[in-house]
Amino acid sequence: MVESAVMEKPTKGSSTILKLDAAVIGAGVAGLYQLYRLRKQGLTVKAFDTASNVGGTWYWNRYPGARFDSEAYIYQYFFSEEIYKGWSWSERFPAQPEIERWMNYVADRCDLRKDIEFSTTIKSAHYNDDTGRWTLETDTGLTIDTQFLIACCGMLSAPLTSSFQGQDSFKGKIFHTARWPKDNIDLSGKRVGVIGNGATGIQVIQTIADKVGHLKVFVRTPQYVIAMQNPKYNDNDVAAYKARFDELKKTLPHTFSGFEYDFVEDSWKDLTPEKRQEILEALWNDGSLKLWLASFSELFFDPAVNEVVSEFVRGKMRERLKDPALCDLLIPTDYGFGTHRVPLETNYLEAYLRPNVELVSVKNNPIECITPEGIKTADGTVHELDVIILATGFDAGTGALTRIDIRGRDGRSLKEDWGNDIRTNMGLQVHGYPNLFTTGAPLAPSAALCNMTTCLQQQVDWISDCIQYLRDNNLNVIETTKEAEDAWVEHHDAIANQTLVTKTNSWYMGSNVSGKPRRLLSYIGGVGAYRQKCDEATADAYSGFDKR
Ligand code: NAP
């Protein structure tokens with residue numbers, strides 16, 4: 001059994017309080033597994049999290065309606081059959097409380113808590129060229145001296161909480177979905193405004209529509225949506241998916257998106273319109289992300305194919321909305337289906353048909369500010385509200401890291417570097433930042449185009465194996481070369497720029513944050529192809545990485 005790091009009590013004036021082999025930032029999906037792996041390898045390691053408990057995304061996003069869009073039986077850890085089979089899901093796409101309980105179960109089964117410092121935020125991380133080590137400072141007054149720093153901060157963990165002028169003046173209550181309080185918020189009888197109709201806003205809207213007094217939804221860009229099929233699981237269903245453990249473990253890492261399914265094998269051009277329609281109907285009826293990620297790959301590249309699939313989805317939405325005015329406001333026409341994240345929903349469109357729900361289009365009449373009474377739009381109208389819910393999203397991929405003062409070689413700042421250009425080598429390392437590893441960071445599938453658990457486990461495995469390699473070979477420091485990083489960025493862009501994803505504005509392109517350099521955050525060459533690239537570097541003694 002590996003001993004945990006002994007935490008010295010902070011003493012006034014002392015500089016080094018905690019000496020580690022590895023510090024992990026984050027106790028979410030990636031952070032927990034990273035801690036588990038490195039501890040198993042015999043490193044002195046601790047994880048740090050701002051939250052008071054494990055869960056990461058599933059700790060913070062406790063807003064009404066939060067639930068999986070990945071099937072529960074694949075959004076899983078696959079490193080332990082016992083752990084996989086020891087937990088039984090209640091439905092196909094469970095809700096946040098169940099997911100949070102599952103993450104606690106994993107932490108307990110692996111006895112991880114003793115090595116996690118909760119309610120502790122890493123404020124700064126500075127690399128020391130002479131020692132080849134990192135010095136971290138926390139908001140609790142701790143100083144940490146560590147050889148390796150592994151940032152498992154999550155790609156969607158820096159919420160955009162202050163998007164509007166005048167927020168502080170509002171007399172009612174404002175909540176960002178990713179900072180939803182643990183206490184139950186009573187919305188009954190209240191006048192509630194929701195800003196944002198991404199995957200999060202949609203879940204909130206469909207969940208609270210029949211619980212509030214009056215709901216105003218401020219819609220700027222409509223969304224293509226897929227109706228979720230979410231059957232409850234009985235004992236037989238649970239036994240059936242558990243029996244597939246080996247098969248799923250083998251399959252998931254090699255598909256395009258880390259799900260159990262992959263694109264239709266037939267080429268679009270070889271099929272008749274009737275056959276295409278039949279396939280689209282079957283994918284639609286599955287009520288999952290299949291229509292997006294296991295459909296025709298051509299929809300990502302060919303505008304004509306994309307338009308047919310987009311029109312197919314529009315048709316499905318029209319059937320439900322009926323009202324032409326609502327169709328105009330809620331059905332996208334100026335970008336293609338699947339060119340950013342497609343949300344699953346349950347009665348989201350029907351919510352707008354309720355008498356207590358009102359759509360306020362802010363496309364041509366933007367939100368100007370928040371006043372003491374509510375939300376003011378450019379036409380001068382003040383929409384009076386008791387509660388405002390910001391489902392306004394995140395500074396994705398980069399935000400969690402740039403909020404920490406990270407300084408690499410020669411004092412260079414990651415915030416400044418990524419403020420100019422977002423670059424990584426395979427999303428695992430950044431040139432100029434030795435011994436810093438990242439998961440869920442830009443330019444890897446885990447930044448957006450993946451079933452997160454599949455990709456995060458692969459990245460953690462790669463990082464852990466790399467650290468083991470260094471230790472086995474008496475090496476202390478590793479850093480991606482500039483040439484390898486340049487080559488990866490070029491490869492990433494070459495694939496990305498062939499797709500329609502780069503033509504659509506969304507957080508995938510960083511366009512939801514003013515001034516953020518534009519680049520597809522996620523590697524779109526596929527999870528299997530990405531894994532192969534990572535494995536090639538490993539097999540070639542970590543070629544593309546300087547070691548000393
Ligand atoms: P998001 O997709 O970035 O959506 C933010 C929303 O806020 C958009 O509708 C955006 O409108 C709107 N918005 C932002 N600023 C605005 C302004 N000034 N005026 C009007 N509208 C404004 O964020 P999200 O919904 O939180 O989702 C982020 C990601 O989290 C998802 O794409 C998904 O990957 C993940 N997620 C997953 C699940 C799940 O798996 N079940 C659930 C929720 C979220 P515009 O589009 O016009 O900018």
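On a predicted model such as this, the values are computed, not experimentally measured, just so you know. Indexing begins at 1, ligand by ligand and atom by atom, following the structure's order.
In terms of protein heavy-atom proximity, atom 33 (C) of ligand 1 is closest to R341 NE, 3.6 Å. Residue, atom and distance of the protein heavy atom nearest to atom 12 (C) of ligand 1 are G196 CA, 3.6 Å. Scanning all protein heavy atoms for the shortest distance to atom 35 (C) of ligand 1 gives L156 CD1, 3.6 Å. Nearest protein heavy-atom neighbour of atom 21 (N) of ligand 1: I195 CG2, 3.8 Å. The protein heavy atom nearest to atom 4 (O) of ligand 1 is G198 CA, 3.7 Å. Looking from atom 28 (C) of ligand 1 to the surrounding protein, the closest heavy atom is W507 NE1, 3.6 Å. Protein heavy atom at the shortest distance from atom 45 (P) of ligand 1 is T221 OG1, 3.4 Å. Atom 27 (O) of ligand 1 has T200 OG1, 3.7 Å as its closest protein atom, hydrogens excluded (heavy atom only).
Other residues, nucleotides and ligands contribute only 12 or fewer heavy atoms inside 6.0 Å of the CD atom of Q165.
To the nearest 0.5 angstrom, F93 atom CZ is 9.5 Å from T346 atom OG1. Considering OG1 of T438 and CD1 of I463, their distance stands at 6.5 Å, rounded to 0.5 Å. Of the inter-residue distances, the one linking N306 atom CG with F337 atom CZ reads 8.5 Å to the nearest 0.5 angstrom.
Partner of R519 under the side-chain hydrogen bond (donor to acceptor under 3.5 Å, both in side chains) criterion, chosen from N497, T502, D421: D421.
With a 4.0 Å cut-off on non-hydrogen atoms, R67 touches ligand 1 through its backbone and not its side chain. Here A391 has backbone heavy atoms under 4.0 Å from ligand 1, and that is the only part of it that gets that close. Under 4.0 angstrom from ligand 1, the non-hydrogen atoms of F164 all belong to its side chain. Using a 4.0 Å cut-off between heavy atoms, Y75 makes no contact with ligand 1 at all.
For the residue pair Y75 / W58, a side-chain donor-acceptor distance below 3.5 Å is found, with atom types taken as modelled.
Backbone and side-chain nitrogen or oxygen atoms of A199 are examined, and one is located within less than 3.5 angstrom of a nitrogen or oxygen of ligand 1. Considering backbone and side-chain N/O atoms, N512 never comes within less than 3.5 Å of an N/O atom of ligand 1. Looking at Q223 next to ligand 1, no N or O pair under 3.5 Å apart turns up. Between S70 and ligand 1, a contact under 3.5 Å exists for no N or O pair. Residue R220 places at least one N or O, backbone or side chain, under 3.5 Å from an N or O of ligand 1.
Using cut-offs of 30° and 60° on the angle between ring planes, the pair W87 and Y105 is tilted.
The closest approach between any non-hydrogen atom of Y335 and ligand 1 is not below 4.0 Å.
Close approach of ligand 1 to F68 (heavy-atom distance below 4.0 Å) involves ligand atoms 41 (N). Of all the atoms in ligand 1, the ones that sit under 4.0 Å from a non-hydrogen atom of Y63 are 42 (C), 43 (C).
A donor-acceptor pair under 3.5 Å is absent between the side-chain atoms of E247 and the main chain of R244, judged by distance alone.
A cation-pi arrangement is absent between R354 and Y352 under the rule of less than 6.0 angstrom and at most 45 degrees off the ring axis. Annotation: cation-pi pair R423/W418 absent, no NZ/CZ under 6.0 Å from the ring centroid and within 45° of its normal.
Residue I185 comes nearest to P181 through the heavy atom pair CD1-CG, 3.5 Å, listed as atom of the first residue, atom of the second, then distance.
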Exercise for the section: Evaluate the side chain to side chain donor-acceptor pair (under 3.5 Å) criterion for residues K415 and T398: first the C-alpha distance (whole Å), next the side-chain angles of each, then the deciding distance (0.1 Å), finally the verdict. Expected result: CA-CA 8 Å; K415 183 176 179 178; T398 54; over 6 Å; no
